Structures are given as structure tokens and as C-alpha cells.
There are 2 protein chains.
Amino acid sequence: MDQEILKKYSNVEECPVRNVLDRIGNKWTLLVLLVLEEEKVLRFNELHNYIVTISQKMLSVTLKSLEADGLVKRTIYPQVPPKVEYELTERAQSLLPHIHSLVDWSKDHINDIKASRKNYELVTKK
Amino acid sequence: MDQEILKKYSNVEECPVRNVLDRIGNKWTLLVLLVLEEEKVLRFNELHNYIVTISQKMLSVTLKSLEADGLVKRTIYPQVPPKVEYELTERAQSLLPHIHSLVDWSKDHINDIKASRKNYELVTKK
DNA sequence: ATTAAAACTAACTCTAAGGTTAGTATAACA
DNA sequence: TGTTATACTAACCTTAGAGTTAGTTTTAAT
């Protein structure tokens, strides 16, 4: 890895990975993606019923940023009271296998990692 | 995905994915992993020279958490001035392929994603 | 006339991640 | 004698992500 590439990629704006991980890495995005993958199409309040601990605001923010990135498609039905449906796009479908491989790795190693953390605490005495 | 699993995984402590992504998702972890993968073994200041924009504090914090998770091995040589070397563990090596698959996906789709974001801004007029 | 329903938004606060600056220990070297 | 080198840490400040509460819109049903 030469210096020029590194300098470039240390900058968030220009780093494709950071650009993507900044979204996926936040608190609710991954969960919303996985629920939509499973359920195919959901309305706002249906999603909220699946993920009960998220606030309306954060669900709204998360969906907006997924929509902005072209990972979620939002369909409004002109009714009162309103009806809005959310579903994954093809782009999201192409992302999901890679996410699942990370999910699987996490499940496979979480016990070891937690054991390491405990041991580290002991060794560093705090 | 049944309600019980969802309720359980909405909780950060118990969710293996969140446990791992919370680390990988932060600002510097991924970059440190990739530099160490490339360079094999590096001292603190050498790492700092590769990633010039990171502060000493954040490099220290990032390395500590990687060490705590058993992803980085830290070797101290009892010298003055001190010498400390960092390298990836096997656990990190087993993680890296999955990270690379995400990295590659990001590179492949970043242009489309940025185009989507721009278009979204236009459509939502702000 | 009042209430309900759905999908939000506004305005505010709180918290933790990240950044800045200065300082420590110790021996060797000029 | 004073400076340098290395790998940090302490104390402090700033900012952005996340949470809370209340309110909006519009029509239909009671």
C-alpha cells in the first residue's frame, strides 16, 4: 500500500469502504436490512413492530439514508391515513451475501472474542 | 425472523454481529487492519507514519481494542527507548477475507451509490 | 364535534466517539 | 549538561449520533 493511496483513503470522502461502512456501521441499518430481507415488504409501523426498541425518529433517519443510497425502495400510496411501503432494491440484494458472511463470522467467533476481552481485562487489571 | 430472536438481537450486548461491527465500524479500525495485513509487523510510530491523519490517542485506543479482541498481537521489547511491535493474529486473518469482500463490493458500487445520493438530494430538494 | 389512524417532523437533550495539547519515563548520545 | 528517541497517557474540549416528547396532516368513522 503506497503512501498516496493511504493518504487518499484516510480521507472519508474519497474512501469507498468508509463511505459504505459509515452507513452499515451505525446502530440500526443492519437490522433494518435483515428484517426487510426476511419480510420482503413492510410499512413503517410494521417495521417498527419488528424492531420495537428503535425510536420513530431513528427508524425514519435510517430508512431515509438507505433510500438515499438506493438500497431501499419507498412507495407511497396516496391515501389518508397514509400508506408507505419499504422493500430492498437489487443493489441491497447484491450487498447482503457479503453482510451475511460477516454475520456468520461474527457468530462463529463471538465466544472467543468475548473470552479474549475478559482475559484482556484481567491482564490489564481494571 | 421471530419476535424473540429480534428482541434479543436488538440488544447490543447479546448480538454477535453488533459486537463485531461496533468495532469494525469505527473510524480507524479497518484501516489499521488493512495496513497491518499488508506490512505484517509494525511499530507504533511506523503505523502512525502510514496513517498520518490519525491522532496518537486514537491509534492507541484502536490498537488496544484490537488487542482486547484478539485480533492484534502486541510485543514489547524491554529497551529504552521502548520498542513495541504489532501484528495480526490468526483470528484477524480469518476475518480479512470477509472484510475484503465488503471492500470490493464498496469499490464496485460506490459510484452508483454516490449518484443515488445526489439524485436523492435533488428529488427531496435541499 | 370529536376522535382515530399512519407516517412522519421539530426541537430539544444526552452521550460517547473522536480530537488536541501537554506531559511522562529512561538511557544513550552530542 | 542538555537533547533525543519511543510509546504512550491524562485532562480537556468538540461534535455527531442517538434518544425523548410533542405535534402535524387529512379524511373517515362515531
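Fair warning: this is a prediction, and the values are worked out from it, not measured in the lab.
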Starting at the 5' end of DNA chain D, which residue's closest nucleotide do you reach first, B:V80 or B:Y86?
B:V80
Using a 3.5 Å distance criterion without hydrogens, assess whether the side chain of B:S101 forms a donor-acceptor pair with backbone atoms of A:H98.
no
Above 12 or not: heavy atoms from other molecules or residues under 6.0 Å from CD of A:E90?
no
Can B:N19 and A:R117 be counted as having a side-chain donor-acceptor contact under 3.5 angstrom?
yes
Rounded to the nearest angstrom, tell me the gap between atom CG in B:L59 and atom C1' in D:dA7.
10 Å
Report yes or no: do B:N26 and B:T29 form a side-chain donor-acceptor pair below 3.5 Å?
yes
Among D:dC8, D:dA7, C:dA7, the nucleotide that comes nearest once only the side chain of B:P82 is considered:
D:dA7
In whole Å, what is the span from the CG atom of A:L47 to the C1' atom of C:dC8?
14 Å
In this structure, how many angstroms lie between the C1' atom of C:dA17 and the CG atom of A:L21, rounded?
16 Å
B:E85 CD to D:dC8 C1', in whole Å, measures 16 Å
What is the distance, to the nearest angstrom, from the CZ atom on B:R43 to the P atom on D:dA7?
4 Å
Along DNA chain C (nearest heavy atom to each residue), the more 5'-positioned of A:N45 and B:P81:
A:N45
Relative to B:W28, does A:R18 satisfy both conditions: NZ or CZ under 6.0 angstrom from the six-membered ring centre, and within 45 degrees of the ring's axis?
yes
Report the relative orientation of the aromatic rings in A:H48 and A:F44; use parallel for angles under 30°, tilted for 30 to 60°, perpendicular for over 60°.
tilted
Could you give the distance from NZ (A:K73) to CG (A:L66), rounded to the nearest 0.5 Å?
15.5 Å
Measure the distance from CD on A:Q79 to P on D:dA29 and round it to the nearest whole Å.
13 Å
In 5'-to-3' order, the base (B), backbone-only (S) or no-contact (-) status of each nucleotide in nucleotides 15-22 of chain D, using a 4.0 angstrom heavy-atom cut-off, is ---BBB--
Sub-4.0 Å heavy-atom contacts from residues 64-77 of chain A onto DNA chain C, ordered by number
A:K64, A:R74
